[in-house]
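What follows is a set of notes on a single structure, which appears directly below.
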Number of protein chains: 2
Amino acid sequence: MPGQSGDGRRRVVIERVSPEIDCGRFPIKRVVGEKVIVEADAFADGHERVACQILYRQGNEEVCFSPMEPLDNDRWRGEFRVTTIGKYQYTVEGWIDCFQSWWDAFEKKIAAGQDVHVDLIAGVKLVESAATRATAEDAALLRQWAQRLRQSKTDASATLIGPDRELLSLMRRYHDRDLASLYEKQLAVTVDRKKASFSTWYEVFPRSCSPEPGRHGTLEDCETWLPYLASMGFDVVYLPPIHPIGRAFRRGKNNSAVVQPDDVGSPWAVGSNEGGHKAVHRELGSLEDFRRFLSKASQHGIEVALDIAYQCSPDHPYVIEHPEWFRTRPDGTIQYAENPPKKYQDIYPLNFESAHWQALWEELKSVFEFWIDQGVRIFRVDNPHTKPFPFWEWIIGKIKEKNPDALFLSEAFTRPPVMFQLAKAGFSQSYTYFAWRNTKQEITDYFTQLTQAEVREYLRPNLWPSTPDILPESLQVGGKAAFMVRFILAATLGANYGIYGPAFELCENVPLQPGSEEYLHSEKYELKHRDLHAAGSLKDLISRVNRIRKENPALQSNGNLRFHETDNPSMICYSKATDDFANVIFVVVNLDCVHTQSGWVRLDPASLGLDATHAFQVHDLLADGRYLWQGSQNYVELVPESLPAHILRVRRWVRTERDFDYYF
Amino acid sequence: MPGQSGDGRRRVVIERVSPEIDCGRFPIKRVVGEKVIVEADAFADGHERVACQILYRQGNEEVCFSPMEPLDNDRWRGEFRVTTIGKYQYTVEGWIDCFQSWWDAFEKKIAAGQDVHVDLIAGVKLVESAATRATAEDAALLRQWAQRLRQSKTDASATLIGPDRELLSLMRRYHDRDLASLYEKQLAVTVDRKKASFSTWYEVFPRSCSPEPGRHGTLEDCETWLPYLASMGFDVVYLPPIHPIGRAFRRGKNNSAVVQPDDVGSPWAVGSNEGGHKAVHRELGSLEDFRRFLSKASQHGIEVALDIAYQCSPDHPYVIEHPEWFRTRPDGTIQYAENPPKKYQDIYPLNFESAHWQALWEELKSVFEFWIDQGVRIFRVDNPHTKPFPFWEWIIGKIKEKNPDALFLSEAFTRPPVMFQLAKAGFSQSYTYFAWRNTKQEITDYFTQLTQAEVREYLRPNLWPSTPDILPESLQVGGKAAFMVRFILAATLGANYGIYGPAFELCENVPLQPGSEEYLHSEKYELKHRDLHAAGSLKDLISRVNRIRKENPALQSNGNLRFHETDNPSMICYSKATDDFANVIFVVVNLDCVHTQSGWVRLDPASLGLDATHAFQVHDLLADGRYLWQGSQNYVELVPESLPAHILRVRRWVRTERDFDYYF
C-alpha cells in the first residue's frame, strides 16, 4: 500500500522549497555567520491548520529545528544560521496543527454562543497528550491547564479567552508530529570561511619583482613587495604558476613563435626536466623559499593563492612517465592543444577520456594536496572549463573533506551555463564577464542577475578589471579615469575583487595591436621592471577604497546590492546595506571618463531604513565630503579626472535620551 | 571513485529538462496524438561539439529515440508523439560528437591550407569505428568512405568538400555513445484518450426529468432527454450522486433544517439503509436501469459521468459496519461535518487519519471499480480537496493501471496550490475559477496562466459558467446576454466545458437571497419541472457553438490560446489556431451585457500564419457573416441583446496551380 513515505495519513504536502539548486543536486554556498532563509509551500487537504519547521544539521551533528512562519498563499518562511565551516543539510517538515485547528473552531463556537461541552473535552485530550511529550516542568503546567479546562465546563468562555496565549505558546512547543510529512530531499550547504565571500586580490609575477632591471626576480624579491601590498589593503596575493617552464616550443616575447635564448617563456607552459606541478621553478627559488614566502605573507595578513593549470609543456615529466594520460595522434606523436587553425604546440592537454582516468584524477588530487601540505589554502584554477565537470566535483569535494578551509577560484570565461556549472561543481569563487560590462545597462543587468537570481546561491563573483590575458578596450582608450572607474566599480560592486598589478595601478594600457586585448610586451612572455612609486599610480586610491571596504560591512556582501535610478545615462548609482541598516553605502559613479556628469539620483528612502521626512547626511568616504540629502531625489556631480565616484556612507539621525539629534 | 554514473569520462551535462513537474515527481499529461516538446540544456567542458537526443518509451515497450536540435545558449529541443493511452517515459541523453568535432576542425585546417595528412587518418578511424556499429548496408558504405578518405591524402580538400553532407548524415546515424551522459531522471507522461482534453458536459438531475410535474423522475425518464442533449452537441452527461439518500438530519427545500415528509433531500447525503456508494437510489430505478441508461446514452454518442462524493449520511451502511472509518467525539457520537460555527449534521466525513486507513482506501477503490464494471469511465469527484493527496494519487493510479481510459474531474474550488496538487496527483480535468473571472483583465490573466505557464502540462481546465452550488453574480444581474457571454467564453476559452442544465439554457438566475450564490429553490433539495422548449432558451446557440467546436480543431486545445489587444476595455479578443495554421479561429466578445460596444482589434498577422500584406476573410461562424480584414487593426461592433460575440474562422488566400486565389 503506497502513499507518501508509506503512511497514507501524512496529509501535508511540502513543495517548492527554496533555495534548492537543480532539485537538490548541488549545495548552496554560505560563509560562517551567514543566514539561510528557507521558503516552502506547505498545505494539506481540508480546512485544518498546518504548521511547519526547518530541520537542519551541521555534518553529522544532532538535528536542529527552526520554526517557519506563514506568508501568503500557503508559502512559509524560516531561517537558520551557519556557524561552522563544512557541510550543512536542511529540509522542511510539515504537519496538521491539531491544537491550533481545535482552538480556531473552539473560538468561533464560543463567539456563536454554541454549547462547547464536548469540544472542551476534545481540547483537554490534546493538552494531556502534549503533556506526555513535554519536559517534566511543562508537563506539569499542561496538566494544570487540562485540569482547569475540565473544570471550566460551566463557564468556558470566561476561563479561556483570558489567558489563552500562554496555553497556545506552551502547546506550540509540543506539537503532535506523528503524522508529519518530511520533504523528500535533504538539501546541502557548503559553508566556507569568511574569505570566500570577502577578499581583495593582487596578482603578481614574482619574476618581475627583482629590484635590478633585467635580472629574473625570485620569491625572495617578491617578499619585499609584501609591505607594499599590505599597505594597499590586499589580503590575497595570487602568483601565476611557479613551476618549471618547458623549453620545447617555448614562445618568445609577444607570443612569438621565434624564441631567443634569454626568453623566459610562459609560466602556464608547466613542466620541464626539472619537474612538474609539484616543483618550484629554479629561477624563482626553492620549495623552502616558497614556504618562507607563505609565512612572510601571513605576517602581513596576506594569504597566497597558487595558480593550478592542469596542462603540460612537452617537457613535463608526465609526458614520459604517463603517455597514457595524453591523446596520441595517428602518427604516434602526442596531441598538442589546438583551436583550429591555431596550434599551441607548447601545450599538451591532459586526456580526461583516457582509459586511465582514475589514476590521472588521483595524481591531480595529489598536486592540490602537495601544496596544501606546504600551507597553501587558496587556488586559482586555470581554464577549468576545459576539464570535465565530474572531475571538479570530485576533486574539490575530496580536498574540502579534509580541508574545508580550502578555496578555489574558477578562471573560466565562457558561456553562462558552463560558468554556472563550475560554480555548482564546487568552485568557491568565479571570474565573471565584468571586464566587458561597461555601460550602465550592462552593469545593471549583469549584476542584478549575479546578485538577485538563483545563481547567487552558488556562484560568488570575483571581479577583475584586467588580467594578464585581458586588457579591455575601455582601459585602452579611457586613460587614468577609466582605471579609476573600473577599479571603484570592481571594489564596490563585488565583495571579492582583484587587480593584476602593478600593471593596473600604473595604468598600463598599450595593446599588442589595435583590436587586441593582449598587452604589448605581455608579462606572460617576458620579465618586467616597474617603478611602484611612479607618479600617477593609483595606489593611494586603492588603499583608501580597500580601507573603506574593511570598515564598512555593507561592502562585504553581494546579495544586498540594489541599483537606483539616475536621470543621467552616464551616471550609475547603487547601494549596499547591512540587514539591520546600521551600515548603508551609496556608490555613485560617472561612467564617462572624459566629461563631467551630473544629475539626480532617485532612491526609495524607506527601503534603506531611512526616514523620508528627515534629512540625512551622506559622508563621501572617498573625498571626505559631507552632504545633506533629503527625500527621494538628490543631486550629484562628478568630475572624471579628479574623482569619478562618490562612496557615500549614510549618517543617520539618532534621537538620544536627552532628545538631541546626533549623527553616528 | 565517483563521477557521474560512476564513469568520470561522461563529460556532457544535461540539466533544466522541460517539461518536468516538481523535479519529475509528477507526470505531465497528454492525449493520444499529441506531441511532447522536450527541451534541455546540454553542454560539456572544452570546445568539442555536443549531440543529444530524447529517449522515450510507451509502458515497457522498447526505447525509441528522437533527435534534438540546438537552440541558443546550449539549449536543445526535440519532440515525440504519444500514440497509445497509458504511461510513457522520457529522458535525454547527450554525448561528445567526435565526428562532427573532427569535421569542424578538419574543414578549418583545410581552409587555412594546413597539412591534414595526420588528421585524415584520425577521421578514417572514426568512420571505421562507426562501421562496426552500422547495419550491414551502411557499414559497407562507411568502409567505402574510409577507403576513399585514405586514398585522398594527396588531394584531401577536393575529395571532401564535395560530397561531405552524405558522409556526415551517415555518421550521424552511428554516433559513438559509449561515454554518453543520461539525464538522471526518467520523466513520465500520462496519456489519456482524446476526451480528456476535448469534452462537452451537461449536468442533469435525473429526478427532475419526469414529464409529470411533482413526480420523482427516473433514469428511464432521463433517457428521453438524451436526444435533446445530443441535438445540442453534448458528449458527456453528468449525473449528481445516484445513490440512496440519507434520512437522518435530511435538509428541506432551500436547505432548510425543517424537513417535510415529501422532501427529497440532497443527493450528496449519500447512503441510507437501502445501501451506500454502490447502490442506486430506489426512486431513480435499478442498477439494470442504470446500465440501460449508459447504453442508450452511448447510442447517442454520449458518455455518462458519475458523481463520486466520498462522504456519508448518518444512515450510510458504513456507519454501522465500519465505525472505525469515522471520527468519534469524546461523548461517543460520530463527528459530523463542521465549518464552525456551521454544522452539517446530515454529513459524516470519512476519517482518513483512521488507524484503518488502508481498509478504507481499498473499500473506496472498490466503489470506482464497481461503477467501472457497470461501464462508467468518467467520474466527477466531489470535494477532492477534503481528502488526502496521497489517497488520490494512489486510487487514480490504481484505477488507471487497469483502466487507462478512466477519466476523473476534480471538483475543488479552493486555493491554487491545492487545486494544482490535485491535478498533479492524477485528476484528468479540473474545475476552475472561471465562474468568478469576468473582466477582460481577469480573464486574460487567468487563462494566460492556465494555458501558458507550467500548470498547462498537468491541469486540464473544465469551465462551468454555473453549477448547482454556484450562481455567479454576473448571471444574476446580466440577463440573457450574460448567459450568452459566459457560455461563449466557456465554450471557446476551454476545450473542456460544461453547463448545469436546463437551469443554464433557460437562464434561471434567481438567488436564494441578495449576495448569495445559491439558487432560490435549489435543485439540490427539491424536484424541478421545466419546459425545455420555452422561448428564450439558449439551446439553438448552444447547438451552433458545439457544432463549431466539433468542426474546428483549433477549439479542441488550450495551449494554443492567445489574447489580442483591443482598444475597448469591454471587448476581449483571443485566437486559437492549429499548429499548421490550417484552422485559425478568432473570438471577439462584448463583455458588457447592456451596451453595444465597438472598437479596434489589434493582432499580429504573421504570428497566426497570415500574410500581413494581403486581405483575408473572416467568417463569423455564429451569425454566418463574412468580413474582409487586413493588416493588424480591424474594426468590430457587437450588440449584446442579439449576439454578443463573433466566432471568426480565418479563410485564407490560397494560390492554386492555375494562379487564381481561393478561400478555403
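The chains referred to below are lettered A, B, ... by the order of the sequence lines, with proteins before strands, and numbering in each begins at 1.
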Can you say whether [X] sits under 4.5 Å from chain B via the side chain, the backbone, both, or neither, judging by heavy atoms?
X: A:Ala44; answer: backbone
X: A:Leu422; answer: neither
X: A:Glu15; answer: side chain
X: A:Lys424; answer: side chain
X: A:Phe352; answer: backbone
X: A:Thr333; answer: neither

Side-chain contact test, heavy atoms from C-beta onward, threshold under 4.5 Å: evaluate it for A:Pro417 versus B:Arg16 and give yes or no. no
For chain B, find which of [options] contributes the most heavy-atom pairs closer than 4.5 angstrom.
options: A:Asp45, A:Asp22, A:Ile96; answer: A:Asp45
options: A:Glu353, A:His385, A:Lys108; answer: A:Glu353
options: A:Gly113, A:Ala111, A:Ser354, A:Pro416; answer: A:Ser354

Let me confirm one number: the [atom1]-[atom2] distance from [X] to [Y], rounded to the nearest 0.5 Å.
X: B:Glu48; Y: A:Thr386; atom1: CD; atom2: OG1; value: 10.5 Å
X: B:Lys109; Y: A:Lys342; atom1: NZ; atom2: NZ; value: 14.5 Å
X: A:Arg415; Y: B:Asp74; atom1: CZ; atom2: CG; value: 4.0 Å
X: A:Asp119; Y: B:Arg329; atom1: CG; atom2: CZ; value: 5.5 Å
X: A:Glu20; Y: B:Cys23; atom1: CD; atom2: SG; value: 5.0 Å

Can we call the ring centroids of A:Phe43 and B:Phe420 under 6.0 Å apart? no
Neighbour count >12 (heavy atoms, 6.0 Å) for atom NZ, B:Lys185: yes
Among B:Glu393, B:Lys387, B:His47, the residue with the most heavy-atom pairs under 4.5 Å to chain A is B:Lys387
When only pairs under 4.5 Å are counted, which of B:Pro388, B:Gly46, B:Gly397, B:Pro349 shares the most heavy-atom pairs with chain A? B:Pro388
Of all heavy-atom pairs between B:Pro330 and A:Ala122, which one has the smallest distance, and what is that distance? CG-N, 3.5 Å
Keeping B:Gln114 on the side-chain end and A:Pro341 on the backbone end, is there a donor-acceptor pair under 3.5 Å? yes
